[in-house]
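Chain naming here is simple, since letters A, B, ... match the order of the sequence lines and numbering starts at 1 in each.
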There are 2 protein chains.
Amino acid sequence: MTVSKTAEKSSEKPSDATKGRKDATEGLPEALQLGELSEQLGYVLKRAQLKVFENFLRCMASLQLTPAQFSVLLLVEKNPGRNQTEIASTLGILRPNFVALLDNLESRDLCARIRSTNDRRSHILVLTDKGKAVLTRAKKLVATKHESRLNELLGQANREALLEMLSKIANEF
Amino acid sequence: MTVSKTAEKSSEKPSDATKGRKDATEGLPEALQLGELSEQLGYVLKRAQLKVFENFLRCMASLQLTPAQFSVLLLVEKNPGRNQTEIASTLGILRPNFVALLDNLESRDLCARIRSTNDRRSHILVLTDKGKAVLTRAKKLVATKHESRLNELLGQANREALLEMLSKIANEF
DNA sequence: CGATATTTGATATGGTCCATAACAATTATC
DNA sequence: GATAATTGTTATGGACCATATCAAATATCG
């Protein structure tokens, strides 16, 4: 050990004003200094991501769609006729973990697995009619409640610049 | 069910060219179209965050520090004499989950819990000498290997703009 | 052709992170 | 001094992520 146990506060300071934290300026617990933390991109990136996901979930509460589920619906709509492996891998989801996710969407009749006639191992993925309808509503909610709020916070131009830089990091880092 | 089971590909097309996917242009599995996904800030944000954390871990492999551990060391260095509740809460870590994190840092002699004399319930947190030394090396690694690579990818000005926008989202969203 | 290897969806399993309830010790409050 | 609140801690469960493994189906190659 390099530090003596049972010490207290800033040493070299046997003063009286800061003893027991009972000054007249009490009440607030004196917010901590973030210091270099607020300059760490990873830290800020993570916090921002949590906030965005949190807001996304609130906006989608009526449809009960998580970001991952929404991304699956979007990708299946854009790429109908693909199998689980293809959809999962382009989303960065491992096949085993994709099974339960799909089970959920299928049990809610948003998505369907269809045994392919070409390759009877694979399951072709398609949106059901209900899935298409829900996705349409989801897109509207995201646009009007979610992304729009980001626009008014950052401004249209900044939001696009942000997206471009994040894409660069996601793809070229 | 709204879709007929055992279908295949784009219907209304009993053609021959796209049957069995055995054209002359075979080989590549024909990359999927991301479509609107690449415009979803949450999606891109998450992917970027994963990439940044991944790179952070690689850069810190020699010191065996995770982003969370690094943030704790940074915060304790900047705010010595605070207790676990204060450090954990400003990092968005729940007290129960902070215990094991601290146990790890303390077992490696990077950080120490000191029973406060003011409030004998709380544990004051301080960096050990080894903790300070490791943190110094960690900062250098982050600066030279991690953040520098972001700079050359985005450019100094863009990196600062990115940080500012992410901070705005993290704090005001 | 037929033996072997590969692929696909699936299960089981373990790890990490996150969230809640509950507890003993200590302190604050009235 | 009785009651309430706080601190660190444990236990626990859920969500997410990663690996190994499997049966069925297909591909490969002698």
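OP1 or OP2 of C:dG9 sits under 4.0 Å from a side-chain N or O of A:Thr85.
In this structure, A:Leu50 and B:Gln49 have side chains that are not in contact, with every pair of non-hydrogen atoms separated by 4.5 Å or more.
Put simply, CZ on B:Phe56 and NZ on B:Lys145 are 13.5 Å apart, with the number rounded to the nearest 0.5 Å. Taken from CZ in B:Arg149 to CD in A:Glu172, the straight-line distance is 10.5 Å, to the nearest 0.5 Å.
Contact record, A:Arg82 with A:Glu86: NH1-OE2, 2.9 Å, taken as the closest heavy-atom pair. Smallest separation of non-hydrogen atoms from B:Gly42 and A:Phe53: O-CE1, 3.4 Å.
Nearer the 5' end of DNA chain D, as judged by each residue's closest nucleotide, is the contact made by A:Thr66, out of A:Arg121 and A:Thr66. Of the residues near DNA chain C, A:His123 and B:Pro96, the one whose nearest nucleotide (by heavy atom distance) lies more toward the 5' end is A:His123. Mapping A:Asp119 and A:Ile93 onto DNA chain D by nearest heavy atom places A:Ile93 closer to the 5' end of the strand.
Atom-to-atom, CG of A:Asn83 to C1' of C:dA10 comes out at 14 Å; the value is rounded to the nearest Å. Atom CD in B:Gln49 sits roughly 12 Å away from atom P in C:dC17 (whole-Å rounding). D:dA15 atom P lies 11 Å from atom CD of A:Gln69, rounded to whole Å. Atom P of nucleotide C:dC17 and atom CG of B:Asn104 are separated by 10 Å, given to the nearest angstrom. Between A:Leu94 atom CG and C:dT11 atom P there is a gap of 16 Å when expressed in whole angstrom units. A straight line from CG of A:Leu91 to P of D:dA18 spans 14 Å, rounded to a whole angstrom. As rounded to whole Å, 12 Å separates atom P of C:dT16 from atom CG of B:Leu101.
In the set D:dC17, D:dT9, D:dT26, the nucleotide with an atom closest to the side chain of A:Arg120 is D:dT26.
Base contact: A:Asn97 has a heavy atom under 4.0 Å from a base atom. Looking at heavy-atom distances under 4.0 Å, A:Arg95 makes no contact with the nucleic acid at all.
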